[in-house]
Number of protein chains: 2
Amino acid sequence: MVTRILVVDDEPQILRAMRINLRARDYEVDVAADGGTALRAAAAKPPDLVVLDLGLPDMEGADVIRGLRGWTTVPIIVLSGRVDSADKVAALDAGADDYVTKPFGVDELLARIRAVTRRMGTTSDATPVVKVGPYTVDLSARTVEPPDGNAEVRLTPTEWHLLEILLRNPGKLVSQRQLLQDVWGPQYQTETNYLRQYMAQLRRKLEADPGHPRHLLTEPGMGYRFQP
Amino acid sequence: MVTRILVVDDEPQILRAMRINLRARDYEVDVAADGGTALRAAAAKPPDLVVLDLGLPDMEGADVIRGLRGWTTVPIIVLSGRVDSADKVAALDAGADDYVTKPFGVDELLARIRAVTRRMGTTSDATPVVKVGPYTVDLSARTVEPPDGNAEVRLTPTEWHLLEILLRNPGKLVSQRQLLQDVWGPQYQTETNYLRQYMAQLRRKLEADPGHPRHLLTEPGMGYRFQP
DNA sequence: ATAACGCGTAGCGATAGTGTCAAGATCGGC
DNA sequence: GCCGATCTTGACACTATCGCTACGCGTTAT
């Protein structure tokens, strides 16, 4: 199987060099010169890996990452000229998997690509559609199919994010800390009231009896669990 | 759930600093000063993440990585003073997940730890399950699978904590002191009534005949033992 | 034999954790 | 610049869990 890489950079000569180097290693390469194009390209042809240069003309790097992370878990390797530690932390916490500072050796980047894709290979999730009680949830399409007669269900971005984490770990307990960190960021690890708020909303929308949930369960003092 | 990190470095003051910094973020920290110790420590108490400094006194860094990769897919973050590209490629291709060059900011390392564990949380499906009599206990998913017909079993956080320590030492005696210290803290080392209390609850929930336990055994005057 | 000790069991108030409601703050589209 | 949707933030009652005390019983030591 061929690995498809989306390279995002605003300098044409770097795009050219990357394309040549990656093609030579038998990767399939798509390119984009700005954040908007990158997001559209990723949506049209979901890549297996994104190499993202910061300092794009149209968008903040962290926003591009968040735009991708809203609907996909594709690995993201960030390139940047900035050595500032705060930039790295921001990008990594936004959802990037690796951060490489320029100038970097081509062989190092290739090694990091191998490292990320190696772990990817064992993670073939491929469960984008899950049944939550009577509803059919499609994680990749972001749709909730109601049973005949029931009203349509719409979820907000935050609700999707939270639900996705739970649904990707069916039957398993997900700690409050991990949920808060993944949805709101590392500095919100103790704001459990957010979880209570949004879990209640999810239950109101997806559970037959929100007061006695059967699939979105609370484990007091520990976290939450999706029970298929 | 607490993330356990194994830090491997030959400089004591770095070990100390790492331990303090990571503990402050609520990670559980084990340390090792050389490659051999690290491999043994990882085998005895499998960590959720390894932070590995290259340039150890007894082994090549790549050999330590390969020694771990032989039997575990635990994420490995490599620290190194070398900026040589070839070193990075060697470490990454040996199986490391990330490579950070010294000097590095503490916050950057913490962000990379978060990035690696975040991905880990959604991918690790190799869950260690233990059979306690008729029940199947999954420590990472925090589930107790009852045999057909039996009622579901729910454990409280304290019960899980206590059970986890016993199950991680199958067949071995765990002293009352160690149990009390790990679950309730160092100042509770003599409050053996807590142990009696919670061991009784565990037996009530997991043993067929709580009065005559077959797996959660008492060693009078010493401690408790989980008998598989 | 009897006292001392350790263990299992029961019960109780205090409290941390949770569900819920409600209102302010922010954002984006028309 | 207004309006609706979404995200924050605060407050409060309720419940399960926890920390703790007390008691009965078997075993061991004196």
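A salt bridge does not link B:D30 with B:R40: none of the charged nitrogens is closer than 4.0 Å to a carboxylate oxygen. Between A:R66 and A:E60 there is no salt bridge, since no side-chain N of the basic residue sits under 4.0 Å from a carboxylate O of the acidic one. Taking 4.0 Å as the cut-off between side-chain N and carboxylate O, A:K102 and A:D53 count as a salt-bridged pair. Salt bridge present: A:D98 and B:R112 bring a charged side-chain N and a carboxylate O closer than 4.0 Å. Salt bridge absent: B:R204 and B:E159 never bring a charged side-chain N and a carboxylate O closer than 4.0 Å. In summary, B:R4 and B:D48 do not engage in a salt bridge, as defined by a charged side-chain N under 4.0 Å from a carboxylate O.
As a whole-Å value, the separation of B:L195 CG from D:dT21 P is 16 Å. As rounded to whole Å, 18 Å separates atom C1' of D:dG19 from atom CD of B:Q189. Straight-line distance from the CG atom of A:N193 to the P atom of D:dT8: 11 Å, rounded to whole Å. Rounded to whole angstrom, the span from the CZ atom of B:R154 across to the P atom of D:dC18 amounts to 10 Å. A straight line from NE2 of A:H161 to P of D:dT8 spans 13 Å, rounded to a whole angstrom. Between A:E191 atom CD and D:dC7 atom C1' the separation is 13 Å, expressed in whole Å. Atom CD of A:E159 is separated from atom C1' of D:dT6 by 9 Å (rounded to the nearest Å). With rounding to whole Å, A:W184 atom CH2 is found 10 Å from D:dT8 atom C1'.
Along DNA chain D, the nucleotide closest to B:L155 and the one closest to B:Q197 are compared, and the more 5′ of them pairs with B:L155. DNA chain D is contacted by both B:P157 and A:T156; A:T156 maps to the nucleotide lying nearer its 5′ end (nearest heavy atom per residue).
Backbone-only contact: B:T158 has heavy atoms under 4.0 Å from sugar-phosphate atoms and none from a base. Residue B:T218 is classed as a sugar-phosphate contact, given heavy-atom separations below 4.0 Å to backbone atoms only. Using a 4.0 Å heavy-atom cutoff across all strands shown, B:P210 reaches no nucleic acid atom at all. Nucleic acid contact class of B:Q176 (heavy atoms, under 4.0 Å, all strands): sugar-phosphate only.
The nucleotide range of DNA chain C contacted by chain B, defined by atoms under 4.0 angstrom from heavy atoms of the protein and reported 5' to 3', is C:dG6 to C:dG11.
Side-chain proximity of B:R196 to D:dT8, D:dA22, D:dT6: nearest is D:dA22.
Contact between the side-chain N/O atoms of B:Y198 and the OP1/OP2 oxygens of D:dC18 is found at a separation under 4.0 Å.
A distance of 6.0 Å or more separates the ring centres of B:W160 and B:Y198.
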